[in-house]
There are 2 protein chains.
Amino acid sequence: MDRLPDDIVQLDAETFASEGSQHHREELRLWLRLLTCTTMIEGEVRRRLRRDFDVTLPRFDLMAQLDKSPAGLTLSDISKRMMVSNGNITGLVDRLVASGHVTRRASETDRRAQVIRLTELGRAEFRRMADAHEGWIADMFAELTRDGVDDLMALLGRTKDSVRKACCNA
Amino acid sequence: MDRLPDDIVQLDAETFASEGSQHHREELRLWLRLLTCTTMIEGEVRRRLRRDFDVTLPRFDLMAQLDKSPAGLTLSDISKRMMVSNGNITGLVDRLVASGHVTRRASETDRRAQVIRLTELGRAEFRRMADAHEGWIADMFAELTRDGVDDLMALLGRTKDSVRKACCNA
DNA sequence: CCGCTTTACTTTAAGCTTCAAACATCGGCT
DNA sequence: AGCCGATGTTTGAAGCTTAAAGTAAAGCGG
């Protein structure tokens with residue numbers, strides 16, 4: 001019987017009126033923390049890529065995708081994998097072609113599509129950057145234990161599934 | 001004495017030639033997964049903010065900071081809290097002033113600084129958006145258990161500390 | 001009080017990003 | 001063959017973002 005007042009208090013506090021119809025504070029805090037972690041790492045990687053290799057993060061990311069697919073990728077492929085809009089990729093590729101890091105060539109099977117590939121220069125530069133990059137990332141996660149890394153990996157896997165369900169309702 | 005060979009093997013594997021000087025693959029995969037989660041959520045939030053409220057994510061984020069600080073914030077405060085460059089905030093605030101969502105006023109104690117505050121319109125609109133936003137986030141994390149949320153929170157807390165040490169060497 | 005460093009902000013150039021609209025091509029269907 | 005919805009790409013406008021350089025004011029140590 002003396003449990004009830006506690007529940008009421010929780011819903012009745014001033015937080016209720018000012019916050020919204022439900023208390024999803026925990027998830028919100030979780031999201032903000034997730035965003036903070038990503039922003040911190042991303043910012044540092046961006047800074048170091050520019051400082052050490054004079055390259056932007058989007059250029060690096062695009063080259064990373066191409067490095068994983070030696071047969072080449074279409075603009076749409078790249079767009080899906082990088083999770084950015086397709087119009088974005090057009091300009092990014094334009095600039096990478098101009099600097100000699102990638103090539104565009106017409107697809108042989110689809111006259112709408114173009115296949116983008118790393119040039120030798122592009123691949124060589126990417127390898128150098130990727131080496132350094134891998135070390136930076138390792139450093140940033142260095143304080144996590146082996147189990148910490150595994151646990152985080154698993155939890156983020158579940159998060160990804162959860163987000164996918166909520167967004168694509170699939 | 002028989003420890004030595006193991007260390008050599010570690011550096012001598014074929015991963016060495018193709019990957020870099022150490023195998024930090026796990027951390028790299030973890031980072032990519034973290035980035036994927038954030039990108040998915042951020043993209044969906046951006047899309048919904050635009051669709052339902054015709055507002056951009058940076059504008060929403062800035063208003064969120066101001067909502068948390070009713071006394072107002074200087075441009076530098078905002079810049080630090082949002083973890084974006086200071087030049088960025090100038091333009092963002094300009095546009096928010098133009099649309100009547102925030103006010104700039106000179107600081108009374110520091111003639112260099114300006115205090116930015118939400119207007120009544122800004123606060124009202126932010127509240128509406130924040131309500132919806134909180135629900136969206138809750139939905140996206142809905143498949144995580146209570147413990148999952150707590151564990152993730154804790155692990156990301158440790159990650160944040162680790163990143164901070166690696167970046168600011170402090 | 002002067003000079004120096006730091007802090008607050010603005011400006012510019014270059015690049016990134018999205019969205020929406022336009023266009024070409026593809027593939028299936030009749 | 002011809003239509004039609006889906007897919008691949010480009011374009012343009014608006015806005016976001018950073019880095020770097022510049023101005024102004026604050027604060028500190030002589």
Side-chain angles (χ1 to χ4, degrees), chain A residues 35 38-40 42-63 65 72-99 101-102 104-116, chain B residues 35 38-40 42-63 65 72-99 101-102 104-116:
Chain A
L35 184 57
T38 300
T39 304
M40 287 173 68
E42 197 171 82
E44 188 63 19
V45 167
R46 183 196 316 281
R47 211 168 301 128
R48 294 184 188 189
L49 280 174
R50 181 178 296 272
R51 184 193 59 188
D52 296 349
F53 302 103
D54 195 35
V55 77
T56 64
L57 183 52
R59 283 171 74 104
F60 175 79
D61 286 343
L62 178 23
M63 288 194 273
Q65 294 301 331
L73 292 172
T74 66
L75 297 189
S76 303
D77 288 337
I78 299 172
S79 158
K80 283 186 197 89
R81 290 174 202 222
M82 291 179 67
M83 293 191 284
V84 301
S85 65
N86 44 6
N88 194 349
I89 302 299
T90 298
L92 218 32
V93 167
D94 284 348
R95 284 182 290 272
L96 281 166
V97 169
S99 60
H101 291 85
V102 311
R104 323 171 87 114
R105 74 173 45 187
S107 163
E108 291 171 6
T109 58
D110 187 336
R111 264 188 300 172
R112 294 167 302 175
Q114 302 178 43
V115 179
I116 313 300
Chain B
L35 184 56
T38 301
T39 305
M40 287 173 67
E42 196 171 80
E44 187 65 18
V45 168
R46 183 196 314 283
R47 208 168 303 128
R48 293 186 189 186
L49 280 174
R50 180 179 296 273
R51 183 195 59 190
D52 296 349
F53 302 104
D54 194 35
V55 78
T56 65
L57 184 51
R59 285 171 73 105
F60 175 78
D61 286 342
L62 178 25
M63 287 195 274
Q65 294 302 330
L73 292 172
T74 67
L75 296 188
S76 304
D77 288 337
I78 299 172
S79 159
K80 284 185 197 89
R81 291 176 201 220
M82 291 178 67
M83 292 191 285
V84 300
S85 64
N86 44 6
N88 194 350
I89 302 298
T90 298
L92 218 31
V93 167
D94 284 348
R95 285 183 289 271
L96 281 166
V97 169
S99 61
H101 291 84
V102 311
R104 323 170 87 115
R105 74 172 46 189
S107 162
E108 292 171 4
T109 59
D110 185 337
R111 263 189 300 172
R112 296 167 301 175
Q114 302 177 45
V115 179
I116 312 301

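Letters A, B, ... mirror the listed sequences (proteins, then strands); counts begin at 1. From a predicted model like this one, the values you see are computed outputs, not experimental measurements. The figures that follow rest on heavy atoms only: side chains count, while hydrogens, waters and symmetry mates do not.
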Report summary line: To the nearest 0.5 Å, atom CD of B:Q114 lies from atom CD1 of B:I78 at 10.0 Å
**Report entry** Contact under 4.0 Å: B:S107 side-chain N or O vs C:dA8 OP1/OP2
**Finding:** no
**Report entry** Pairs satisfying salt bridge (charged side-chain N to carboxylate O under 4.0 Å, His left out), at least one member in residues 89-99 of chain A, at least two apart
**Finding:** A:D94-A:R104
**Report entry** With B:R50 via side chain to side chain donor-acceptor pair (under 3.5 Å) - residues at least two apart
**Finding:** none
**Report entry** Spacing of A:K80 atom NZ relative to C:dT18 atom P, expressed in whole Å
**Finding:** 15 Å
Requested in this report: For C:dC9, take OP1 and OP2 only and decide whether either is under 4.0 Å from a side-chain N or O of B:T74.
Outcome: yes
Report task. Please identify each residue that fulfils side chain to side chain contact (heavy atoms under 4.5 Å, CB included) with B:R105, with sequence neighbours left out. Result -> B:V115, B:R117
Query - B:R111: partners by side chain to side chain contact (heavy atoms under 4.5 Å, CB included), with sequence neighbours left out - result: none
Query raised in the report: Heavy atoms, side chains only, cut-off 4.5 Å: are A:L62 and A:H101 in contact?
Result: no
Report task. Summarise protein proximity over nucleotides 22-29 of chain C in one line of letters, 5' to 3': B for base, S for sugar-phosphate only, - for none, counting protein heavy atoms closer than 4.0 Å. Result -> --BBS---
**Report entry** Residues which pass side chain to side chain contact (heavy atoms under 4.5 Å, CB included) with B:V84, listed by chain and number, not counting sequence neighbours
**Finding:** B:M82, B:N88, B:I89
Close N/O contacts between protein and nucleotides 16-21 of chain D (under 3.5 Å):
| residue | atom | partner | partner atom | Å |
| --- | --- | --- | --- | --- |
| D:dC16 | OP1 | B:T56 | OG1 | 2.9 |
| D:dC16 | OP2 | B:R95 | NE | 2.2 |
| D:dC16 | OP2 | B:R95 | NH2 | 2.3 |
| D:dT17 | OP2 | B:N88 | ND2 | 3.4 |
| D:dT17 | O5' | B:N88 | ND2 | 3.2 |
| D:dT18 | OP2 | B:S85 | N | 2.7 |
| D:dT18 | OP2 | B:S85 | OG | 3.0 |
| D:dT18 | OP2 | B:N88 | ND2 | 3.4 |

Query raised in the report: Sequence neighbours excluded, which residues qualify as side chain to side chain contact (heavy atoms under 4.5 Å, CB included) partners of A:N86?
Result: A:S79
Query raised in the report: Partners of A:R46 by side chain to side chain donor-acceptor pair (under 3.5 Å), sequence neighbours excluded?
Result: none
Requested in this report: Mind calculating the distance between CZ (A:R104) and C1' (D:dG8) to the nearest angstrom?
Outcome: 12 Å
Query raised in the report: CG of A:D77 versus P of D:dT7: gap in Å, rounded?
Result: 13 Å
Query raised in the report: Between the two ends of the helix from C:dC1-D:dG30 to C:dT30-D:dA1, what is the bend in degrees, rounded to 10 degrees, where each end axis spans five pairs?
Result: 10°
Query raised in the report: Does B:T90 have a side-chain nitrogen or oxygen under 4.0 Å from the phosphate oxygens OP1 or OP2 of C:dT10?
Result: yes
Query raised in the report: Got a sec, which pairs hit salt bridge (charged side-chain N to carboxylate O under 4.0 Å, His left out) with one end in residues 77-93 of chain A, sequence neighbours left out?
Result: none
Requested in this report: Can you sort out the partners of A:D52 under side chain to side chain donor-acceptor pair (under 3.5 Å), two or more places apart, ordered by chain and number?
Outcome: none
Query raised in the report: Which part of the nucleic acid, if any, lies within contact of B:R51, taking any heavy atom under 4.0 Å across all strands shown: a base, the sugar-phosphate backbone alone, or nothing?
Result: nothing
Requested in this report: Give the rounded distance in Å between these two atoms: CZ of A:R81 and P of D:dG8.
Outcome: 13 Å
